[in-house]
There are 2 protein chains.
Amino acid sequence: MGEQVHAPVTAYPAQAGGETGATPAGLRERKKALAMRRIQQVAIELFERDGFAAVSVEQVAEAAEVSPSSVYRYFGTKEGLVVHDEHDAVLLALAPSLLAEHDLVTAFDLGLRLIGAEHGIDLERTRRRTRLWFTVPSIRAAGLLMADEMTDALAHLASSGPRADHTFSQARVVVGSLVGAVMAALHQWYDDGMPEDMVDRMLEAVATVRQAMSRPTGPPQ
Amino acid sequence: MGEQVHAPVTAYPAQAGGETGATPAGLRERKKALAMRRIQQVAIELFERDGFAAVSVEQVAEAAEVSPSSVYRYFGTKEGLVVHDEHDAVLLALAPSLLAEHDLVTAFDLGLRLIGAEHGIDLERTRRRTRLWFTVPSIRAAGLLMADEMTDALAHLASSGPRADHTFSQARVVVGSLVGAVMAALHQWYDDGMPEDMVDRMLEAVATVRQAMSRPTGPPQ
DNA sequence: ACCAAAGTGACAGTGACTGTCAACCGACTG
DNA sequence: CAGTCGGTTGACAGTCACTGTCACTTTGGT
């Protein structure tokens, strides 16, 4: 029965109709997307100003002029207000074509550039969200769960397409390690004061892993 | 004020005195460790039987003959009852010596074997906890947060010791990718019905990453 | 205009989590 | 062995995240 799940982070409620282009067609969806953006904006500002714990979902709802019910419908959890990322859907939509033309690691590299560019457009927003990410444990947990689900989704795509040169099991491991590396890079980027080179950090991380792992240091004994 | 943090997972309350050998010295600590083990055992059984959501912390406390306050003091959150792992402290304690004698990836490999052996001793318990891990999103989130903190801790150790051939930044990325790979392997192990070869799966994962990442596929264009 | 479907807000209820405080117990002092 | 000191425990009260439900409204198609 009642229990604080903290979970349905990846339940992108707007994903229903299966979008293709940049701007959705339905007027209904557009309004929803707009409302979500406004609510998230308001929430992040309140969280940064007064502290995540000190702001209740009800306050966010009031400030955004919607009911608490709607906040939960849209974002699932309080943490979802911060970690929900509209660009995730874009990446997921683009992934198949990337994977059709490149090998896994290269496709990941390209996807990273794309996503990074999106985030670079509103870097200040990205900074605010990242600050909350590393400041509030429960937000980080929710974000990591999202990353985990993304890993799974990408591994599925990578192992199901035509050019798939990995089994699902292998793809999962490779994507998992890539995501792990990027997460670490994000952490380092945050520790360094979040300068403008976020994407470069992440790409560099992939390169670092490549180097460290390619050293032929077999299992000992 | 008042907020379900889901966080202090890595707060090993029993770690206070800085243990060295296998069995702690203080009688007080021993009782605490024993109580924690009993509580966790009871909790996991109840969760598996009735479902995580259907069992309240109060019920766990009652079944384990302690107060709810104590449960929270020991495990921090309801999820902590599942994800808390006594072996983590062991790994953390052993890591410095491993890192002093081997390079990062090799040390990780060895640590994996050790930890894996510990878990192999009570494989059924490990299976039960893993099942809950992948069944209940909030538990997975808590576990991922723990893994993240472990990553950080290991990266620190790897970059601070004498033999450190990585900066903290590099070590963090490498460990991050290794942990990511192992997590993916764990997921795959679960999907395959959790046979006896858990450790081998994880080691294989590291090898897979090594191979996938060593392919000289530089950034395109 | 009419209708079916989907979205919205109001409401009540559960339980996870926090902070506090008095009672208590194990560990060292003389 | 008595004393006492620091940390541990359990009781209690309070907050709020989250769930389920339902009447009401809005939207998109006829």
Side-chain angles (χ1 to χ4, degrees), chain A residues 1-9 11 13-17 24-36 39 43 46-47 50-62 64-82 136-139 141-142, chain B residues 1-9 11 13-17 24-36 39 43 46-47 50-62 64-82 136-139 141-142:
Chain A
M1 319 263 166
E3 166 209 335
Q4 285 75 310
V5 170
H6 272 217
V9 168
Q15 191 205 134
L27 178 142
R28 214 165 194 163
E29 328 250 339
R30 201 183 330 239
K31 280 186 82 171
K32 182 183 272 192
L34 229 54
M36 285 188 75
I39 296 170
L46 286 178
F47 291 158
D50 300 345
F52 185 75
V55 179
S56 71
V57 172
E58 201 180 328
Q59 287 170 23
V60 172
E62 193 176 359
E65 295 179 276
V66 289
S67 73
S69 311
S70 289
V71 173
Y72 282 112
R73 249 194 298 277
Y74 284 156
F75 297 97
T77 65
K78 191 184 181 186
E79 286 73 20
L81 280 165
V82 178
V136 183
S138 68
I139 292 182
Chain B
M1 313 173 182
E3 162 209 337
Q4 286 76 311
V5 169
H6 272 214
V9 168
Q15 192 205 132
L27 179 140
R28 213 166 194 165
E29 328 248 340
R30 202 181 331 237
K31 280 186 81 171
K32 183 184 270 193
L34 229 54
M36 286 188 73
I39 296 170
L46 287 179
F47 292 158
D50 300 344
F52 185 74
V55 179
S56 70
V57 172
E58 200 180 329
Q59 287 171 23
V60 172
E62 194 175 358
E65 296 180 276
V66 290
S67 73
S69 311
S70 290
V71 174
Y72 283 113
R73 249 192 299 275
Y74 284 159
F75 297 98
T77 66
K78 190 183 180 187
E79 286 71 24
L81 280 166
V82 178
V136 183
S138 68
I139 292 182

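Per chain, numbering begins at 1; letters A, B, ... match sequence-line order.
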Could you give the [atom1]-to-[atom2] distance, from [X] to [N], as a whole number of Å?
{"X": "Y72(B)", "N": "dA13(D)", "atom1": "OH", "atom2": "P", "result": "17 Å"}
{"X": "F75(B)", "N": "dA16(C)", "atom1": "CZ", "atom2": "P", "result": "15 Å"}
{"X": "F47(A)", "N": "dC16(D)", "atom1": "CZ", "atom2": "P", "result": "13 Å"}
{"X": "E79(A)", "N": "dA16(C)", "atom1": "CD", "atom2": "C1'", "result": "13 Å"}
{"X": "K32(A)", "N": "dT26(D)", "atom1": "NZ", "atom2": "P", "result": "17 Å"}
{"X": "E29(A)", "N": "dG7(C)", "atom1": "CD", "atom2": "P", "result": "8 Å"}
{"X": "E58(B)", "N": "dA16(C)", "atom1": "CD", "atom2": "C1'", "result": "11 Å"}

Original post:
Could a donor-acceptor pair under 3.5 angstrom be found where the side chain of R73(B) meets the base of dG7(D)?
Top reply: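 Side chain to base: no pair present.
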Original post:
Between S56(A) and K31(A), which has a closest nucleotide on DNA chain D that is more 5'?
Top reply: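 The residue closer to the strand's 5' end, by nearest nucleotide, is S56(A).
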Original post:
DNA chain D: E65(B) or V55(A), which has the more 5' nearest nucleotide?
Top reply: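 That would be E65(B).
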Side chain of [X], heavy atoms from C-beta onward: which of [options] has the nearest atom to it?
{"X": "V66(B)", "options": "dG10(D), dT8(D), dG9(C)", "result": "dG10(D)"}
{"X": "S69(A)", "options": "dC18(D), dA11(D), dA10(C)", "result": "dA10(C)"}
{"X": "S70(B)", "options": "dT8(C), dT9(D), dC18(D)", "result": "dT9(D)"}
{"X": "S67(A)", "options": "dT18(C), dA10(C), dC18(D)", "result": "dA10(C)"}

Original post:
Minimum heavy-atom separation for F52(A) to S138(A), with atom names?
Top reply: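 For F52(A) and S138(A), the tightest heavy-atom pair comes out as CE2-OG, 3.9 Å.
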Original post:
Given that P68(A) and Q59(B) both sit by DNA chain C, which one's nearest nucleotide is further toward the 5' end?
Top reply: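 Of the two residues, P68(A) wins.
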**OP:** Compare side-chain N and O positions of Y74(B) against OP1 and OP2 of dT9(D) and report whether any pair is under 4.0 Å apart.
**Re:**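 It does, given that an N or O in the side chain of Y74(B) lies less than 4.0 Å from OP1 or OP2 of dT9(D).
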**OP:** Indicate whether OP1 or OP2 belonging to dC18(D) is found under 4.0 Å from a side-chain N or O atom of K78(A).
**Re:**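 Result: no.
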